[in-house]
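Accompanying notes for the structure given below.
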Amino acid sequence: MNAVTSPLAPGASHIEGTPAVQMRDICISFGGIRAVDDVTVDLYAGEVVALLGHNGAGKSTLIKILAGAYKPDAGEIRVNGDKADITNPRDAKRYGIETIYQTLALADNVDAAANLFLGRELMTPWGTLDDVAMEAATREVMGRLNPNFRKFKEPVRGLSGGQRQSVAIARAIHFNAKILIMDEPTAALGPQETAQVAELIKQLKAEGIAIFLISHDIHDVFDLADRVSVMKNGKLVGTARTSDVTKDEVLGMIILGKSPPGALAGPGAAAD
Ligand SMILES: Nc1ncnc2c1ncn2[C@@H]1O[C@H](COP(=O)(O)OP(=O)(O)O)[C@@H](O)[C@H]1O
Ligand SMILES: [Mg+2]
């Protein structure tokens, strides 16, 4: 197993102190299959950690545990250093953990504001929908995330993939997400839209939000990520700062399940 010997990379000094999230020794099985097997990962405020691995590696299952969708068989989650009791998605939201799944879960036939407040609508003192307040709040948060966005009055069905993504992110941010999980956010997007989502992620990072970015494709996420954690067959292969490893080395982690010298190997990862 490799030790972490590298000093803090310039510009990465936020990776110190107490992580926003620690997932420690997490295990979960479905039937006979260990979908997640003794995985430990962490994530700091203002940091992007890319969770990488082939399809079936266990990435989505791991983050669904953080999102409260699955209960782990073993392991613990800490938020800002304190043990977090997350048994359902509502618990996760209470800890400021919001998840954006690939499907985005938008209501296509209504506009951005209606989507932002779906199920959490603002009301006037007279018990009617406060459309003015909801649109104002939507303009405020969208203005920060995606200043070029103009389609406030259109059903989101008519928006581009990148714009839809920004509406889903705006919803999370408006409700005080501190920890954002994005599962394959660019899987269905073209290059231009992917670039737009990359800009959104940089903006969120600048606001101090901690982001787990899940992807099966290193090329989509390497440049955005401060660190990568690689999974294979349910196990953590290792974690590395993107400043300490090359893309090829990370590809080696994904394909061969072995950690290069610049990475910290996970328990049970393939030995050299
Ligand atoms: N709800 C479930 N029931 C049974 N098996 C599951 C379930 N969810 C995931 N798995 C299995 O767990 C493994 C990891 O899946 P997943 O977390 O979706 O991987 P990834 O997101 O890395 O592609 C796979 O073998 C998958 O078939
Ligand atoms: Mg997945």
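When a residue number appears, it is its place in the shown sequence, counting from 1. Indexing begins at 1, ligand by ligand and atom by atom, following the structure's order. Since the model is a prediction, treat every value here as computed from it, not as a measurement. Atoms considered below: every heavy atom in the structure, side chains included; atoms not considered: hydrogens, waters and symmetry mates.
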Full working for side-chain contact (heavy atoms from CB on, under 4.5 Å) between R120 and R171: CA-CA 10 Å; R120 301 185 261 199; R171 176 167 59 192; 4.3 Å; yes
Identity and separation of the nearest protein heavy atom to atom 17 (O) of ligand 1: T61 OG1, 2.5 Å
Minimum heavy-atom distance V39-L236, with the two atoms named: CG2-N, 3.8 Å
A57 N/O to ligand 1 N/O under 3.5 Å: yes
Nearest non-hydrogen protein atom, atom 10 (N) of ligand 1: F30 CD1, 3.6 Å
Heteroatom distance test (G58, ligand 1): nitrogen or oxygen, under 3.5 angstrom: yes
Hphob cluster co-occupancy, F175 + L204, side-chain heavy atoms under 4.5 angstrom: yes
Under 3.5 Å: donor-acceptor pair, side chain of K59, backbone of H54: yes
Verdict with reasoning, L52 to F222, per side-chain contact (heavy atoms from CB on, under 4.5 Å): CA-CA 10 Å; L52 287 162; F222 190 82; 5.8 Å; no
Protein contact of atom 12 (O) of ligand 1 - nearest heavy atom, named by residue and atom, plus distance: A35 CB, 3.2 Å
Heavy-atom side-chain proximity of M182 to Q165 below 4.5 angstrom: yes
Residue T61, metal the Mg ion (ligand 2), N/O/S under 2.8 Å: no
T124 and D130 side chains, donor-acceptor separation under 3.5 Å: no
Test side-chain contact (heavy atoms from CB on, under 4.5 Å) applied to E249 and T246, step by step: CA-CA 5 Å; E249 285 175 321; T246 64; 3.2 Å; yes
Protein residue, atom and distance nearest to atom 18 (O) of ligand 1, heavy-atom basis: S60 CB, 3.8 Å
Within-cut-off N or O pair, L62 and ligand 1, under 3.5 Å: no
Within reach of ligand 1, part of H216 (heavy-atom separation under 4.0 Å): neither
Nearest-contact summary for atom 1 (N) of ligand 1 - protein heavy atom, Å: Y70 OH, 3.2 Å
For H54, the ligand 1 atoms whose distance to one of its heavy atoms is below 4.0 Å: 22 (O)
Top protein contact for atom 23 (O) of ligand 1, by heavy-atom distance: G56 N, 2.7 Å
